[in-house]
Each structure stands twice: as C-alpha cells, then as structure tokens.
Number of protein chains: 2
Amino acid sequence: MANNKDATCPIAATLAYISGRWKAAILHHLAAGTRRFGEIAVRMPPISKKVLTQQLKELERDGLIRRVQNPGAPMRVEYSLTDLGKSLSTVLKEMSDWGKANVLAKK
Amino acid sequence: MANNKDATCPIAATLAYISGRWKAAILHHLAAGTRRFGEIAVRMPPISKKVLTQQLKELERDGLIRRVQNPGAPMRVEYSLTDLGKSLSTVLKEMSDWGKANVLAKK
DNA sequence: CAGCATCCTATCGGATACTG
DNA sequence: CAGTATCCGATAGGATGCTG
C-alpha cells in the first residue's frame, strides 16, 4: 500500500491514518457506537483475528480509537471512537458519497 | 497498501482510487493545470520513472486523468484531470484540511 | 474472549539499464 | 522525452495454532 508514513503532504498524512484493508470499515462500525472485539470481527468476515488486532492497534496508536479492557474472565475489550476519530467523520462521509456516486454506481 | 480492489464499501472504493505512494501528489499538481510527464517527475523527487508511469496508468485506467500524446519527436505527453478527477477535489480538500489540522500540526 | 507467535505469499515501490 | 524491461527488498495482509 501506500507508504505514506513519511508524509509531508497533508493528504498523504490523512491517507496514512485511514488506508489499510479494514480501517475504513472499522471506523464506520465504531461510528455507530462502542463495539467489542468479537462484534467487530463478526461484522466484517473473513478478517483474521491477527489482522484485526493489527488494524485496531494502529488506529489506537494514531489516536483515532480508544481501547478499554474490562477486568475479569472471560476477557472483554471494548473499542470506541475518540474525539479525533469522530472528527474524521466529515472526511469519511465525503469519501463515501464520492465512492457511491462515482465508483459503485458504475457497475 | 490497502488492497481495496474488491471494495464493496464506498469509502474503500474511493481509497482504492487515491491510495498509492504518489497519487495524491500527482492529483494535486494536475489540479493546477496540464502537465508533461517530465514536469510531474521533476516536482516530486525522487520518484522513479517506472513508478510514475505506473501511478499515471492507474489514474488513467480509473478515469481520473487524461493522457494526450502529441505526435513528433521528441515525444511529448500531457496529463490533465478529467471531470471525474476534478470531482475528487472536494474530498481531497477535506483530507488535506484534516491532515493539516490533526496530523502535521502535532509535530 | 481477545489476543500473540509463527510462517507464508502477493504486491508495492524502487534501482538500474535499455529503447523508439 | 517518455517510457519498457528486469530484478529486488520491504511489508501488508493472511492462515493456522497456541494462550491467559
């Protein structure tokens, strides 16, 4: 994928945050509310747990989502959008609209 | 990069069009007007000609840019945005603003 | 349940040299 | 000038199995 880690261009900087096989979908699901690890996994098959973990970690590292681990067994971890994550909604909405109108509509 | 070729999600569909190491920059330069191959290359070092060709081909295949080859030697090829490419400007502007405010500002 | 460890492959971006 | 043709290394994403 795009290696935009060294981004000096603001567009590329934004791309680096949201490009990733499942990140857009994760952000979209979390926009609806707090979700558990398993809930996210089941809504976007056939993602593997390893990859989901990776994407979640990157989103957390970038400050877009928050991870809350509840004590006790069985384990229970909840993910939700941070304010920064929520602030992306405008951008994601624009991208979604453009994609619907210009890509998905074509076929 | 993100493998969003099989995108069913409109956001991922849009991502598939603009994610790529240099695509955002290329689109940005072409937004200012028609540019020749060499002009684009010189404005974004140190891109290699092979990679630039690839990115331009993908952008053309996706209908975002237009390639016009003028007859005669030396060769002279001009690239410009199509209407579809121009229609992306809103999205790119949002991404640029968000990146400036939330990523580049942090350091 | 929510990971981590390991291994594997496809793809991407890049370096370099050659061509019409 | 504007590409092709090769070769290469890094890495993103995935399959599978184990663990607290």
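Because the structure is predicted, anything quoted here is derived from the model rather than measured. Heavy-atom basis, side chains included; hydrogens, waters and symmetry copies ignored.
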Listed nucleotide nearest any side-chain atom of [X], set [options]:
{"X": "A:Arg67", "options": "C:dA15, C:dG3, D:dG14", "result": "C:dG3"}
{"X": "A:Met75", "options": "D:dG20, D:dT16, C:dA15", "result": "D:dG20"}
{"X": "A:Thr53", "options": "C:dT16, C:dG3, D:dC1", "result": "C:dG3"}
{"X": "B:Lys49", "options": "D:dC18, D:dT16, D:dG3", "result": "D:dG3"}

Exercise for review: Determine the contact category for B:Gln55: base if any of its heavy atoms lies under 4.0 Å from a base atom, sugar-phosphate if only primed atoms, P, OP1 or OP2 are that close, otherwise nothing.
Suggested key: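 It contacts sugar-phosphate atoms only.
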
Review point. So what does B:Val51 touch, heavy atoms closer than 4.0 Å: a base, only the sugar-phosphate, or nothing?
Key: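 Result for B:Val51 = base.
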
Practice item. Determine, for B:Lys23 against B:Glu58, whether the closest basic-nitrogen to carboxylate-oxygen distance falls under 4.0 angstrom. Key: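 Result for this pair is yes, salt bridge flagged.
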
Review point. End-to-end bend of the helix from C:dC1-D:dG20 to C:dG20-D:dC1 (five-pair axes, 10° rounding)?
Key: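 Comparing the axis at each end, I get an angle of 50°.
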
Phosphate OP1/OP2 of [N] contacted by [X] side-chain N/O (<4.0 Å):
{"X": "A:Arg36", "N": "C:dA2", "result": "yes"}
{"X": "A:Tyr79", "N": "C:dG3", "result": "yes"}
{"X": "A:Lys57", "N": "C:dC4", "result": "yes"}

**Study point:** Aromatic plane relationship, A:Trp98 with B:Tyr17 - under 30° parallel, 30 to 60° tilted, over 60° perpendicular
**Key:**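 Plane angle over 60°, so perpendicular.
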
